[in-house]
Number of protein chains: 2
Amino acid sequence: MSNLKGRGHCQSCQIRHLSIFAQLPMDRLIEIQAFQPSVVTYSADETVYYQGDASLNAFTLRKGLVKLIKTLPNGRTQIVRVLRTGDLFGFDGFAGESYNHTAIPLSEIEVCRLPLQDLTELKKQNAEIENTMMKRWIQHLREAEDMMLELGAKKAAERLASFLIRWCENNNGGWVPLPLSRAEVGELLGLTIETVSRFLSDWKRQGFLNEQRGSIQLENVDGLRKAVCANGSC
Amino acid sequence: MSNLKGRGHCQSCQIRHLSIFAQLPMDRLIEIQAFQPSVVTYSADETVYYQGDASLNAFTLRKGLVKLIKTLPNGRTQIVRVLRTGDLFGFDGFAGESYNHTAIPLSEIEVCRLPLQDLTELKKQNAEIENTMMKRWIQHLREAEDMMLELGAKKAAERLASFLIRWCENNNGGWVPLPLSRAEVGELLGLTIETVSRFLSDWKRQGFLNEQRGSIQLENVDGLRKAVCANGSC
DNA sequence: CGTCAGATTGACTAGCATCAAGGACGGTGG
DNA sequence: CCACCGTCCTTGATGCTAGTCAATCTGACG
């Protein structure tokens with residue numbers, strides 16, 4: 001089961017600089033110290049919330065990765081986003097809606113559970129929070145648009161290549177953890193396990209990348225790009 | 001060329017109830033009457049803004065429809081959203097970003113051009129505006145997630161059928177204008193003109209729908225659903 | 001060492017794209 | 001008013017991409 005680890009204190013929070021409270025000045029933090037959201041852990045086989053549940057809490061991811069998925073009645077699944085440390089999720093309640101997707105950890109995670117009611121208050125009283133949240137929504141919308149382009153206009157190899165390149169950017173040539181199974185990469189990109197596996201194998205053979213125990217290394221990004229995105233397709 | 005039609009007055013605006021100013025009480029409207037955004041018209045062969053342009057204005061659509069598109073260097077295009085009366089678009093500047101997509105009218109349109117600087121002021125001083133915008137962003141994000149599911153997890157026929165059903169909902173059995181070419185429907189759903197045309201022809205022959213000069217009528221939604229979404233796929 | 005989940009690989013197939021030819025329709029100019 | 005043109009749409013033939021099915025492999029773990 002999910003496990004209440006304790007109460008969070010914004011002032012001492014290690015990841016506050018990544019959260020929606022990043023821009024709050026210290027005196028504000030002191031003022032809101034009564035606000036002590038729950039810090040909760042989930043293991044990889046649990047679910048933070050299900051699509052359709054009433055959205056009473058938002059969450060800030062503190063440790064680990066989370067996938068947000070949508071599932072068709074027939075079982076086909078789409079990962080709509082992968083969250084990283086500091087990301088806010090589960091805020092559909094702000095629009096009076098229930099959760100639009102299911103949130104599942106990709107590993108053991110730790111989140112800060114923020115009751116929407118409290119968050120609404122804080123947001124009202126602190127323009128910085130409001131502002132940071134707005135910027136994030138716009139940013140997410142942009143990423144969603146980018147993803148629609150990936151899914152709608154690119155072929156399998158192009159999608160996979162640009163996903164890997166994005167995943168590994170800012171890390172040029174080094175090893176990057178990729179804690180997604182082949183199935184999950186497939187669900188993210190609208191491909192099957194086999195297709196993902198085949199391309200990765202190909203590219204390993206051609207020396208574009210290496211892989212080891214859930215980590216990946218892009219050895220030759222330009223080569224990969226040239227091989228896959230010949231005509232400027234990614 | 002785009003054509004400046006005059007100045008907008010929120011108090012007398014016919015479509016204000018659909019806009020981000022819908023929730024503003026009358027006394028607020030009177031206070032902000034100095035705010036008179038430009039009302040501008042564009043014809044179908046113009047562009048409101050291009051992906052990459054600096055985002056200095058947001059827009060509210062007053063008349064007509066607009067498509068937001070993203071294009072790959074090789075020319076493949078994805079429509080990421082189709083806008084309707086009252087929709088706000090072009091607000092990337094709020095996040096300090098340039099436009100992430102290109103906005104093109106689907107017909108002659110009329111928009112209200114809102115300088116982001118002014119809008120920021122208004123938003124700061126009127127919580128209702130802030131709130132309405134927040135709800136819309138969340139709603140758009142939800143729609144984007146839904147679209148990712150469509151593009152990533154459904155087959156051609158399923159995508160097209162659920163698009164048509166969504167387009168025609170709240171209009172059961174009646175004629176609904178569909179001012180999108182086959183090519184545009186394809187760009188929206190990640191399909192080719194031919195695939196769209198083939199399915200539509202099939203469904204017309206089977207009596208599921210009728211079409212006439214840019215309007216469509218879903219004659220037998222249940223039949224269509226049963227034929228296409230056999231296993232609960234849409 | 002056996003078991004099991006995930007990954008790989010191959011063979012085959014379905015689904016959709018591509019290429020190509022013709023049709024419908026509205027607009028223009030004689 | 002009609003012939004011509006261009007644009008969009010339809011339909012058919014063909015081929016490639018990625019999905020499906022199935023067998024085998026790998027590595028982690030008891």
Side-chain angles (χ1 to χ4, degrees), chain A residues 44-45 67 72 74-78 106-107 150-161 163-164 178-206 209-216 227-231 233-234, chain B residues 43-45 67 72 74-78 106-107 150-161 163-164 177-206 209-216 227-231 233-234:
Chain A
D45 56 356
K67 63 178 175 182
L72 250 29
N74 65 9
R76 277 179 267 165
T77 293
Q78 180 69 25
L106 285 172
S107 58
E150 295 288 319
L151 293 171
K154 289 188 184 177
K155 308 195 195 227
E158 296 162 355
R159 282 183 231 173
L160 185 55
F163 162 71
L164 292 175
L178 180 69
L180 296 172
S181 67
R182 298 288 186 264
E184 284 164 334
V185 174
E187 285 169 358
L188 184 63
L189 303 178
L191 303 172
T192 58
I193 296 180
E194 292 94 330
T195 301
V196 173
S197 179
R198 270 185 249 273
F199 281 116
L200 286 178
S201 297
D202 270 13
W203 297 341
K204 275 187 253 180
R205 273 181 229 116
Q206 296 184 48
L209 53 86
N210 294 311
E211 211 186 4
Q212 219 179 89
R213 309 171 112 281
S215 281
I216 194 169
V228 174
C229 322
N231 39 5
S233 51
C234 37
Chain B
S43 60
D45 55 357
K67 62 178 175 181
L72 249 28
N74 65 8
R76 276 180 266 165
T77 293
Q78 180 69 26
L106 285 172
S107 58
E150 296 287 320
L151 293 171
K154 289 188 184 178
K155 306 195 196 228
E158 297 162 355
R159 281 183 231 173
L160 185 55
F163 163 71
L164 293 175
L178 180 70
L180 296 172
S181 67
R182 297 288 186 263
E184 284 165 333
V185 174
E187 285 169 359
L188 183 64
L189 302 177
L191 304 172
T192 57
I193 296 181
E194 293 94 330
T195 301
V196 174
S197 178
R198 271 183 248 271
F199 281 116
L200 286 177
S201 296
D202 270 13
W203 297 342
K204 274 188 255 181
R205 272 179 229 119
Q206 297 185 46
L209 55 86
N210 294 311
E211 211 186 5
Q212 220 180 88
R213 307 173 111 278
S215 280
I216 194 169
V228 174
C229 322
N231 38 5
S233 51
C234 39

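Each chain gets a letter, A, B and so on, in the order the sequences are listed, and its residues count up from 1.
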Checklist entry - Quick one: does A:Q206's side chain get under 4.5 Å of A:D202's, heavy atoms only? => result yes
Sorted by chain and residue number, the side chain to side chain contact (heavy atoms under 4.5 Å, CB included) partners of A:I193 (sequence neighbours excluded) come out as A:R182, A:A183
CD of B:E187 to CZ of B:R76, rounded to nearest 0.5 Å, is 12.5 Å
When rounded to whole Å, the CZ to C1' distance for the pair B:F199 and D:dC9 reads 17 Å
Margin query: Any heavy-atom pair between the side chains of A:L160 and A:L200 that's under 4.5 Å?
Written below: yes
(request) With the side chain counted from C-beta on, respond yes when B:L72 and B:Q78 share a heavy-atom pair under 4.5 Å apart, and no when they do not. (result) no
- Side-chain touch B:L164/B:L209, heavy atoms, less than 4.5 angstrom: yes
Atom CZ of A:R76 and atom P of D:dA18 are separated, to the nearest Å, by 17 Å
Does the side chain of A:V228 come within less than 4.5 Å of A:W203's, by heavy atoms?
yes
Given protein heavy atoms under 4.0 Å, the one-letter contact record of nucleotides 19-28 of chain D, with B base, S sugar-phosphate only and - none, is simply SBB------S
Is there any protein nitrogen or oxygen under 3.5 Å from a nitrogen or oxygen in nucleotides 5-7 of chain C, and what are the pairs?
| unit_1 | atom_1 | unit_2 | atom_2 | d |
| --- | --- | --- | --- | --- |
| C:dA7 | OP1 | A:R182 | N | 3.4 |
| C:dA7 | OP2 | A:R182 | N | 3.2 |

- Message: Can you tell whether the side chains of A:K155 and A:E150 come within less than 4.0 Å, N to carboxylate O?
- Response: no
